[in-house]
Amino acid sequence: MIRTAPPIALLFVLGACDGGGDPVQQALREASAANQAAATRTTAEIQAASQTADQAYVAKMIAHHESAVATARVALRDSRDPEIRRMAQMVIDTRTREIAEMKTWAPTAPKAN
């Protein structure tokens, strides 16, 4: 005999479906995914090549700033608060400029003694 789920159980199952849900929680999930992707990519890059402390610092800071930009983009997209939008845009502008600066950095040869 096949039993059917009681209506109350069906409501719980349907309520657990991801149908958009809380926009704040969705923004947090998106920012977290972007942060994880940046951290994973940078860690793999550092492990793939032997780097100096300077190179490792620049690689990690680029990932850190990319994560900040991704988070700020979510805030800019979803927030209606003018102050939050101003701060998010400032983070995007500043960190994007700093990322470009760090990407153009090249290690200098150590000075001969």
Side-chain angles (χ1 to χ4, degrees):
M1 171 190 258
I2 298 175
R3 294 184 58 191
T4 60
I8 191 77
L10 184 58
L11 290 175
F12 284 121
V13 170
L14 291 175
C17 294
D18 188 16
D22 183 4
V24 172
Q25 291 299 319
Q26 181 62 32
L28 289 172
R29 282 191 296 274
E30 289 173 11
S32 178
N35 293 348
Q36 181 63 32
T40 302
R41 182 181 66 245
T42 303
T43 301
E45 290 169 356
I46 289 172
Q47 292 172 346
S50 91
Q51 294 184 324
T52 67
D54 295 338
Q55 291 166 321
Y57 167 78
V58 168
K60 283 291 191 181
M61 288 306 293
I62 289 171
H64 173 71
H65 283 18
E66 286 173 342
S67 174
V69 169
T71 303
R73 285 191 174 129
V74 171
L76 191 61
R77 182 192 72 202
D78 296 340
S79 178
R80 298 296 161 239
D81 184 297
E83 186 66 10
I84 294 295
R85 294 179 60 77
R86 182 195 64 75
M87 287 187 287
Q89 188 61 57
M90 186 172 61
V91 166
I92 292 168
D93 296 343
T94 304
R95 299 301 173 256
T96 300
R97 186 172 48 257
E98 290 170 349
I99 290 167
E101 181 181 346
M102 285 185 274
K103 284 184 175 181
T104 63
W105 172 83
T108 56
K111 295 180 181 179
N113 291 337

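In what follows, every heavy atom counts, from backbone to side chain, and hydrogens, waters and symmetry copies are set aside. By convention here, the first residue in the shown sequence is residue 1.
Between A88 and A75, the closest heavy-atom pair is CB-CB, 4.1 Å. When every heavy atom of V91 is checked against every heavy atom of V69, the shortest pair comes out as O-CG2, 4.4 Å. Nearest heavy-atom pair, E83 versus D81, reported as atom, atom and distance to 0.1 Å: N-OD1, 2.8 Å.
Separation of atoms NZ (K60) and CE (M102) is listed at 13.5 Å; rounding is to 0.5 Å. Going from atom CZ of R85 over to atom CG of D78 covers 9.5 Å, rounded to the nearest 0.5 Å. In this structure, H64 NE2 and E98 CD are separated by 9.5 Å, a value rounded to the nearest 0.5 Å. Considering OG1 of T71 and CD1 of I92, their distance stands at 10.0 Å, rounded to 0.5 Å.
Placement of I99 and W105 within a single hydrophobic cluster is found when ILVMFWY residues are connected by side-chain heavy-atom separations under 4.5 Å, directly or transitively.
Not a single side-chain hydrogen bond (donor to acceptor under 3.5 Å, both in side chains) links E101 to another residue, sequence neighbours left out. Qualifying side-chain hydrogen bond (donor to acceptor under 3.5 Å, both in side chains) partners for D54, counting only residues two or more places apart in sequence or in other chains: none.
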*Checking side chain to side chain contact (heavy atoms under 4.5 Å, CB included) for the pair E66/R95: CA distance, chi angles, key distance, verdict?*
CA-CA 8 Å; E66 286 173 342; R95 299 301 173 256; over 6 Å; no
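Looking at R29 and Q26, their side chains do bring a donor and an acceptor atom within 3.5 Å of each other.
M90 has its side chain out of reach of D93: every pair of non-hydrogen atoms, C-beta onward, lies at least 4.5 Å apart.
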